[in-house]
Amino acid sequence: RAEVVINGSLSPAVVDRSNESIKHNIQPASSKWRHNQTLSLRIRKQILKFLDAEKDISVLKGTLKPGDIIHYIFDRDSTMNVSQNLYELLPRTSPLKNKHFGTCAIVGNSGVLLNSGCGQEIDAHSFVIRCNLAPVQEYARDVGLKTDLVTMNPSVIQRAFEDLVNATWREKLLQRLHSLNGSILWIPAFMARGGKERVEWVNELILKHHVNVRTAYPSLRLLHAVRGYWLTNKVHIKRPTTGLLMYTLATRFCNEIYLYGFWPFPLDQNQNPVKYHYYDSLKYGYTSQASPHTMPLEFKALKSLHEQGALKLTVGQCD
Ligand code: CTP
């Protein structure tokens, strides 16, 4: 029987990062790519042995109460108390309960999206996942507008909203949250201790202003389960990125999965410079050794799955 070859046959450590993109040319080309249904189903089944997106996408109200103590996943010695606000915002049932979609888009934040013209194609998918509250309005032609689920690492509040230092920044965040208009806001609140206040601020804003979002806070076991799945498939990631977490979850409820904005390299396939994010001036620190992420390694695994038809990566212009 056919194997799922996730780690592919590409050369392992790449030292000269300036040339890295050459090694990642996407084959087969967009027009030749075919979805491999059998393989997708096999991957879903394998992942289900480690986690269940329907359950692990969020802790539910019934399982915690205000005052409960939680140890952070990456800082086991630090704890947080479940606040009344957090408790109020925990969903009663999984936002993905019994959900199945024909095609899903997962939109990463690489600058490779700029001038891609992928907006319409992205918006045509049944379910669209975005990362870290990335702006859409000003970039709609390239990234689309439709958002069914958006993640928000607590660090985003610092990076993109100046830690809400004044009323202007609070208003900016509030407007962004209002624009989500009923979609799922996925907040990894239990990962690392640094985000404690930031999560609380966001929770408070949502409740105070009756923001129409469906909040979700990933389960305590999700990260290790995701890492476990990839490690079993010989993909030695340190800490899975948001993008990889989303792909792993999406295999549960999406028939076909299309990835956009995944390109952790400073040059594109034609050797033109690519911004780290399509919307800000953050640099390529995350691909360095010091980073908690191993994005190029993840990319290699995703590329291999693209070549086998389990997912489709778009790293250039849309047709
Ligand atoms: N991504 C990518 N190439 C880039 C930037 C991002 O492939 N140049 C993908 C990664 O999978 C990443 C996702 O897009 O997880 C979202 O980008 P970002 O907001 O930068 O995510 P993280 O780095 O995972 O978030 P954080 O730094 O808050 O942990």
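In listed order, ligands and their atoms are each counted from 1.
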Using a 4.0 Å cut-off to any heavy atom of [X], which atoms of ligand 1 qualify?
X	value
Ser155	28 (O)
Gly108	14 (O)
His277	18 (P), 19 (O), 20 (O)
Asn132	18 (P), 19 (O), 21 (O), 22 (P), 25 (O), 28 (O)
Thr242	15 (O), 24 (O), 25 (O)

Test Tyr139 against Tyr278 for ring-ring contact (aromatic ring centres under 6.0 Å, His included), laying out the working first. CA-CA 9 Å; Tyr139 304 93; Tyr278 66 82; 5.2 Å; yes
Output yes when the distance from some N or O of ligand 1 to some N or O of [X] is under 3.5 Å, and no in every other case.
X	result
Glu298	no
Lys275	no
Met295	no

Tell me, do Tyr260 and Leu113 make a side-chain contact under 4.5 Å, heavy atoms counted? yes
For Trp263 and Tyr276, run ring-ring contact (aromatic ring centres under 6.0 Å, His included): C-alpha distance rounded to whole Å, both residues' side-chain angles, the deciding distance at 0.1 Å, then the answer. CA-CA 8 Å; Trp263 187 259; Tyr276 179 69; over 10 Å; no
Row check, Tyr87 ring normal vs Lys61 NZ/CZ: under 6.0 Å, within 45°: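 Here Lys61 passes the 6.0 Å and 45° test against Tyr87.
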Quick one: which of Ala134, Gly261, Gly243 has a heavy atom closest to atom 1 (N) of ligand 1?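 It is Gly261 whose heavy atom sits nearest to atom 1 (N) of ligand 1.
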